[in-house]
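Ligands are counted one by one from 1 in listed order, and the atoms in each one are counted from 1 as well. Small disclaimer: the values here were computed from a predicted structure and weren't measured.
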Amino acid sequence: MGNISIVGVHCFGCTACQYICPEQCIQMKEDSKGFKYPSIDDDMCTQCGLCKDVCPYLSGYIGGELYPRTQAIAVKHKKENIRQNSSSGGAFTAISDWMINIGGVVYGAGYDENMRVCHQRATSRSERDKLRGSKYVQSDLQEVFVDVNKDIQNKKQVLFVGTPCQIAGLKNVLGQDYENLFLVDIICHGVPSPKIFREYLEQLEQEKKEKIVDCKFRDKSEGWRNLTLSIDFNSSKIVLNSSESSFYNLFLNNTMLRPNCYECPYTNFNRPSDLTIGDFWGIENTFIDFDDNKGISLVLVNTTKGKHLIQNIGVEIEMKETTHEQCMQDRLHSPTAPHEHSDSFWEDYGAKGFAYVAEKYGVLI
Ligand SMILES: Cc1cc2nc3c(=O)[nH]c(=O)nc-3n(C[C@H](O)[C@H](O)[C@H](O)COP(=O)(O)OP(=O)(O)OC[C@H]3O[C@@H](n4cnc5c(N)ncnc54)[C@H](O)[C@@H]3O)c2cc1C
């Protein structure tokens with residue numbers, strides 16, 4: 001039968017294998033690049049093979065229920081302050097508001113008290129607000145699938161937002177569709193290393209001699225299109241254009257993404273979720289009057305449940321129906337390609353550490 005160890009570098013880090021293991025002999029452990037992979041206690045493993053069955057990579061990708069032609073919509077939240085604090089058009093807030101209003105539970109990615117990006121559970125608006133905004137780092141799912149399943153079995157309405165591979169892992173461990181579970185995935189460029197992010201924040205803290213308390217990858221003070229990072233310290237703040245931040249450059253240059261992001265099977269319109277949310281890049285070529293450089297979300301409606309979700313949030317948002325051709329972007333037709341210096345980046349990082357590679361590779365265009 002064998003076990004999950006054969007997945008190797010193709011692993012998404014989705015934790016499905018850890019969750020399903022009846023012997024609890026799988027733990028997710030960080031490798032030298034900072035990504036988590038399953039580590040198996042061979043003495044405890046009975047080779048039952050369940051971990052392989054639920055692995056989204058080994059089980060092969062099965063897409064969601066497909067509309068003949070998945071509906072695509074340009075969405076903007078009617079409230080300007082919500083769009084200002086969201087990465088694109090505030091679609092996530094509209095969807096999660098609906099969920100909280102009906103007494104449901106929202107799962108998404110937020111910072112913990114140590115500025116680690118991890119999936120968290122929210123039942124109020126203030127908890128949900130911490131999940132708002134894109135964190136361009138792989139979110140640690142920890143053991144969140146256990147809580148999601150508990151909520152589902154307790155008949156709560158549940159919204160889970162994550163990368164498509166996280167959604168696929170969750171679906172595999174649940175093994176069936178639940179009426180009270182709503183899945184939303186993001187269009188995903190690929191996820192950077194949590195270890196590199198940690199070391200980047202540590203470097204800034206050492207320079208400033210202050211603790212970082214928040215980090216916004218999509219500060220819109222310079223407009224939606226101008227990718228801007230703002231970092232809140234205990235008593236001060238810095239705002240950096242993406243080109244001024246080594247970490248942002250390394251992300252956008254595809255230098256330190258999780259290895260399997262470069263072969264992502266979800267970079268198309270066949271999504272594993274009910275709704276897909278992303279930035280509507282190129283909106284200015286389609287709906288010139290709708291665009292105000294304050295952020296427009298692209299929402300793909302993948303299932304009947306997704307369609308009902310959109311109907312439920314209709315009063316909160318302005319919408320414009322679009323086509324696949326009009327909303328096409330790179331991550332809807334092919335995975336991100338690694339930067340030509342990616343291998344040497346990791347070699348140098350292993351030998352000389354973060355400060356060295358940040359200076360050498362963090363300015364590449
Ligand atoms: C790593 C990453 C890469 C992305 N790449 C693209 C891209 O190439 N093209 C594109 O159109 N859009 C991409 N997006 C999505 C985009 O940045 C916005 O998240 C999306 O437009 C939704 O914006 P919003 O205004 O509706 O919601 P927001 O309020 O910004 O909410 C963002 C949602 O994403 C979730 N989230 C945030 N960070 C993570 C994370 N690290 N892992 C899992 N879930 C997370 C939050 O929980 C929240 O539900 C990416 C997002 C991430 C996190």
Worksheet item: Would one find an N or O of Asp279, backbone or side chain, under 3.5 Å from an N or O of ligand 1?
Response: yes

Worksheet entry | Stepwise ring pair (Phe, Tyr, Trp, His ring centres under 6.0 Å) test for Phe251 and Tyr200 | CA-CA 12 Å; Phe251 166 55; Tyr200 174 64; over 10 Å; no

Worksheet item: Does Arg132 reach ligand 1 with a nitrogen or oxygen that is under 3.5 Å from one of the ligand's nitrogen or oxygen atoms?
Response: no

Discussion item. Checking the N or O distance criterion of under 3.5 Å, is ligand 1 in contact with His119?
Written reply: no

Item to complete: Specify the protein heavy atom at minimum distance from atom 43 (C) of ligand 1: its residue, its atom name, and the distance to 0.1 Å.
Response: Gln166 OE1, 3.6 Å

Practice prompt. Assess Gly110 for proximity to ligand 1: is some non-hydrogen atom of it under 4.0 Å away?
Written response: no

Worksheet item: Should Glu205 and Lys211 count as an ion pair when the cut-off is N to O under 4.0 Å?
Response: yes

Response to the item:
The closest protein heavy-atom partner of atom 38 (N) of ligand 1 is Lys135 N, 3.0 Å

Worksheet item: Do any nitrogen or oxygen atoms of Val137 come within less than 3.5 Å of a nitrogen or oxygen of ligand 1?
Response: yes

Worksheet entry | Leu131-ligand 1 polar pair, N/O distance under 3.5 Å | yes

Item to complete: Examine Asn85 against ligand 1 and note whether any of their N/O atoms are separated by less than 3.5 Å.
Response: no

Fill in: Distance (rounded to the nearest 0.5 Å) between Leu183 CG and Phe160 CZ
8.0 Å

Discussion item. Can you tell me if Ile102 has over 12 outside heavy atoms packed within less than 6.0 Å of its CD1?
Written reply: yes

Worksheet entry | Close-contact set for ligand 1 against Arg218 heavy atoms, below 4.0 Å | 17 (O)

Worksheet entry | Closest approach of any protein heavy atom to atom 42 (N) of ligand 1, naming residue and atom | Ser139 CB, 3.7 Å

Worksheet item: Identify the closest protein heavy atom to atom 24 (P) of ligand 1: which residue and atom is it, and at what distance?
Response: Ser88 OG, 3.5 Å

Fill in: Atoms of ligand 1 close to Gly190 [distance to a heavy atom under 4.0 angstrom, numbered from 1]
1 (C)

Worksheet item: Between Lys171 and Pro272, is there a donor-acceptor pair closer than 3.5 Å when you use the side chain of the first and the backbone of the second?
Response: yes

Worksheet entry | Nearest neighbour of atom 12 (N) of ligand 1 from the list Ile187, Ile186, Leu332, Ile317, on a heavy-atom basis | Ile187

Worksheet entry | Under 4.0 Å to a heavy atom of Ser87 - the qualifying atoms of ligand 1, by number | 18 (C), 23 (O), 25 (O), 28 (P), 30 (O)

Item to complete: With heavy atoms of Gly108 as the reference, note each atom of ligand 1 found under 4.0 Å away.
Response: 47 (O)

Worksheet item: Counting from 1, what ligand 1 atoms have a heavy atom of Gln329 closer than 4.0 Å?
Response: 7 (C), 8 (O), 9 (N), 10 (C), 11 (O)

Response to the item:
Checking heavy atoms under 4.0 Å, the part of Arg331 that sits near ligand 1 is side chain

Discussion item. Salt bridge or not between Lys79 and Asp97? Use side-chain N to carboxylate O under 4.0 Å.
Written reply: no

Worksheet entry | Atoms in ligand 1 with a heavy atom of Gly89 nearer than 4.0 Å | 25 (O)

Worksheet entry | Nitrogen or oxygen atoms of Phe92 and ligand 1 under 3.5 Å apart | yes

Item to complete: Quick one: look up the protein heavy atom nearest atom 3 (C) of ligand 1 and list residue, atom name and how far away it is.
Response: His189 N, 3.6 Å

Worksheet item: Non-hydrogen atoms of Arg83 versus ligand 1: any pair closer than 4.0 Å?
Response: no

Discussion item. Checking Asn149 against Tyr19: is there a side-chain donor and acceptor pair closer than 3.5 Å?
Written reply: yes

Worksheet item: Are the side chain of Arg271 and the backbone of Asn268 linked by a donor-acceptor contact shorter than 3.5 Å?
Response: yes

Worksheet item: Are His324 and Phe269 near enough that their ring centres are under 6.0 Å apart?
Response: yes

Practice prompt. Assess Gln138 for proximity to ligand 1: is some non-hydrogen atom of it under 4.0 Å away?
Written response: no

Item to complete: Find out whether Asn3 and Gln47 are in side-chain contact, i.e. whether some heavy atom of one side chain is under 4.5 Å from a heavy atom of the other.
Response: yes

Worksheet item: Using 4.0 Å as the upper bound for N to carboxylate O, is an ion pair formed by Arg225 and Asp291?
Response: yes

Worksheet item: Side chains of His189 and Asp330: is there a donor and an acceptor less than 3.5 Å apart?
Response: no

Discussion item. Closer than 4.0 Å to some heavy atom of Val161 - which atoms of ligand 1 meet that?
Written reply: 49 (O)

Discussion item. Using heavy-atom distances only, which candidate in Gly133, Ala91, Ala109, Pro192 approaches atom 32 (C) of ligand 1 most closely?
Written reply: Gly133

Item to complete: Establish, yes or no, whether the cationic atom of Lys33 lies under 6.0 Å from the six-membered ring centre of Tyr349 and within 45° of the ring axis.
Response: no

Worksheet item: Which atoms from ligand 1 have a heavy atom of Ser134 less than 4.0 Å away?
Response: 16 (C), 17 (O), 18 (C), 19 (O), 30 (O), 37 (C), 38 (N), 51 (C)

Worksheet entry | Atom CD of Glu143 with >12 non-hydrogen neighbours under 6.0 angstrom | no

Discussion item. Determine whether a donor-acceptor pair (N or O, by modelled atom type, separation under 3.5 Å) exists between the side chain of Tyr107 and the backbone of Asp147.
Written reply: yes

